[in-house]
Trainee: 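To start, I am sharing the structure in question, which I have written as structure tokens.
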Amino acid sequence: NDRVQTTSARVSPYLQFRFGGLGTLQTGYAFQYVDQSQGRNGIGGGGIGAGGPTLPAAGTTGFNIVGDYTSHEGFATFRTGEDFGRLGLVTRLSAIEYDGTGVLDGASRQLGVVEGSYAITRSFSLLADGGYERQRYGGPRPFELDSPIWGVGGQLTGPDSSIVARYGRRDGFEAASLDA
């Protein structure tokens, strides 16, 4: 009774166009279906799953995560090519609409961001990004966010791995991040 069963499927067809050394455009659509179910007693301590929490029944210790949702995402990405030399730019536009229960009932997320990098050496680049995001989620305490996105940092790239450290604002708060 303390296990969650998640079934998920995603299909994402896209088109990609190359404009010589100028850059590459990728545009597409993604459909996702997720179903989560759980036993009677919850996972102890509670949590929020795809369908949002439901109140525990008398004599139980946690929240039940039950629900399913579908999401529809349209996206476009343009990435500059070798004609730009050390400068790399990536422009991303994305819009996701959710159809589900709990916090995902009528939820949506839109994002537009330009990410830039400048190669100081072959293995180290400076990073900067800026854009805007809009998020809407339902549930007992609805969440709405209309906020700028920004960030600065650096990337160290080796033959088989990379480390990205940055500080910025995304998803409504400012924080440092490390991806290694």
Side-chain angles (χ1 to χ4, degrees), residues 6 8-34 47-50 69-100 103-139 142-180:
T6 302
S8 176
R10 181 179 168 104
V11 176
S12 182
Y14 64 91
L15 296 172
Q16 186 166 305
F17 304 95
R18 175 108 170 125
F19 300 98
L22 187 62
T24 304
L25 173 67
Q26 185 180 67
T27 183
Y29 166 80
F31 172 82
Q32 183 174 23
Y33 173 77
V34 175
I48 297 177
Y69 73 88
T70 58
S71 68
H72 305 272
E73 177 184 11
F75 60 89
T77 302
F78 183 80
R79 183 179 307 272
T80 58
E82 58 273 6
D83 287 356
F84 285 79
R86 294 177 179 234
L87 179 63
L89 297 171
V90 178
T91 302
R92 293 187 174 145
L93 301 172
S94 173
I96 304 173
E97 298 292 326
Y98 296 94
D99 182 19
V103 296
L104 294 179
D105 183 21
S108 64
R109 180 179 176 140
Q110 294 84 33
L111 173 78
V113 65
V114 175
E115 300 170 342
S117 65
Y118 185 79
I120 302 297
T121 68
R122 288 185 187 265
S123 60
F124 181 73
S125 297
L126 294 175
L127 308 173
D129 57 87
Y132 199 81
E133 65 184 334
R134 181 177 185 262
Q135 298 182 40
R136 303 287 187 262
Y137 294 95
F143 174 78
E144 293 188 10
L145 174 68
D146 290 290
S147 177
I149 296 171
W150 61 269
V152 294
Q155 178 173 353
L156 184 61
T157 304
D160 298 324
S161 62
S162 68
I163 298 171
V164 177
R166 70 173 68 209
Y167 183 83
R169 180 176 181 81
R170 195 171 282 219
D171 294 322
F173 62 94
E174 292 180 20
S177 67
L178 178 67
D179 185 5

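Only a predicted model underlies this, so the values are computations on that prediction, with no experimental measurement involved. Residue numbers run from 1 in the order of the sequence given.
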Trainee: Might you confirm whether atom CZ of Phe19 has over 12 heavy atoms from other residues, nucleotides or ligands at distances under 6.0 Å?
Mentor: yes

Trainee: Can you tell me if Ser94 uses its side chain to pair, donor with acceptor, with the backbone of Gln110 under 3.5 Å?
Mentor: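 Answer holds: no.
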
Trainee: How far does CD of Gln32 sit from OH of Tyr98, to the nearest 0.5 angstrom?
Mentor: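 Answer rounded to 0.5 Å: 8.0 Å.
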
Trainee: Please tell me if the side chains of Tyr29 and His72 come closer than 4.5 Å, counting only heavy atoms from C-beta onward.
Mentor: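 Yes. Closest side-chain heavy atoms under 4.5 Å.
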
Trainee: Can you tell me how far OG of Ser108 sits from CD of Glu97, rounded to the nearest 0.5 angstrom?
Mentor: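 These two atoms lie 5.0 Å from each other.
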
Trainee: Restricting to non-hydrogen atoms, name the atom on Gly172 and the atom on Leu145 that form the minimum distance, rounded to 0.1 Å.
Mentor: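 Heavy atoms of Gly172 and Leu145 come nearest at N-CD2, 3.5 Å.
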
Trainee: Let me know which of Gln135, Arg170, Arg169 forms a side-chain hydrogen bond (donor to acceptor under 3.5 Å, both in side chains) with Ser147.
Mentor: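 Only one of Gln135, Arg170, Arg169 forms a side-chain hydrogen bond (donor to acceptor under 3.5 Å, both in side chains) with Ser147, namely Arg169.
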
Trainee: Taking all heavy atoms of Tyr33 and all of Thr70, pick out the closest pair and write down the distance.
Mentor: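 That would be CD1-CG2, 3.6 Å.
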
Trainee: Rounded to the nearest 0.5 Å, what separation is found between the CZ atom of Arg136 and the CD atom of Glu144?
Mentor: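 Here the interatomic distance stands at 4.0 Å.
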
Trainee: Which atoms form the tightest heavy-atom contact between Leu127 and Ser117, and what is the distance?
Mentor: CD2-CB, 3.6 Å

Trainee: Side-chain contact, heavy-atom cut-off 4.5 Å: Phe31 with Arg10?
Mentor: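 Side-chain contact under 4.5 Å: no.
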
Trainee: Restricting to non-hydrogen atoms, name the atom on Val34 and the atom on Ser8 that form the minimum distance, rounded to 0.1 Å.
Mentor: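 Where Val34 meets Ser8 most closely, the heavy atoms are CG2-OG, 3.7 Å.
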
Trainee: CG/Asp83 to CG/Leu22 distance, rounded to the nearest 0.5 angstrom?
Mentor: 6.0 Å

Trainee: For Arg18 and Thr24, which I'm curious about, is there any donor-acceptor pair between the side chains at under 3.5 Å?
Mentor: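 A donor-acceptor contact under 3.5 Å links the two side chains.
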
Trainee: So do Ile149 and Asp129 actually touch side chain to side chain, heavy atoms under 4.5 Å?
Mentor: yes

Trainee: Can you give me the closest heavy-atom contact between Ala180 and Ile163, atom names plus distance?
Mentor: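 Between these two residues, the closest heavy atoms are CB-CG1, 4.0 Å.
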
Trainee: Tell me the ring pair (Phe, Tyr, Trp, His ring centres under 6.0 Å) pairs involving residues 119-138, sequence neighbours left out?
Mentor: none

Trainee: About how many Å separate CZ of Phe75 and CD1 of Ile96, when rounded to the nearest 0.5 Å?
Mentor: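 If we round to the nearest 0.5 Å, Ile96:CD1 and Phe75:CZ are 10.5 Å apart.
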
Trainee: If I take atom CG from residue Asp99 and atom CG from residue Asp105, how far apart are they, to the nearest 0.5 angstrom?
Mentor: 7.5 Å

Trainee: Any donor and acceptor pair, going by atom type alone, linking the side chain of Arg86 with main-chain N or O of Ile120 inside 3.5 Å?
Mentor: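 Confirmed, Arg86 side chain pairs with Ile120 backbone.
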
Trainee: Kindly say whether Asp171 contributes a backbone atom to a donor-acceptor pair with the side chain of Glu133 at under 3.5 angstrom?
Mentor: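 Checking the backbone N and O of Asp171 against the side chain of Glu133, a donor-acceptor pair under 3.5 Å is found.
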
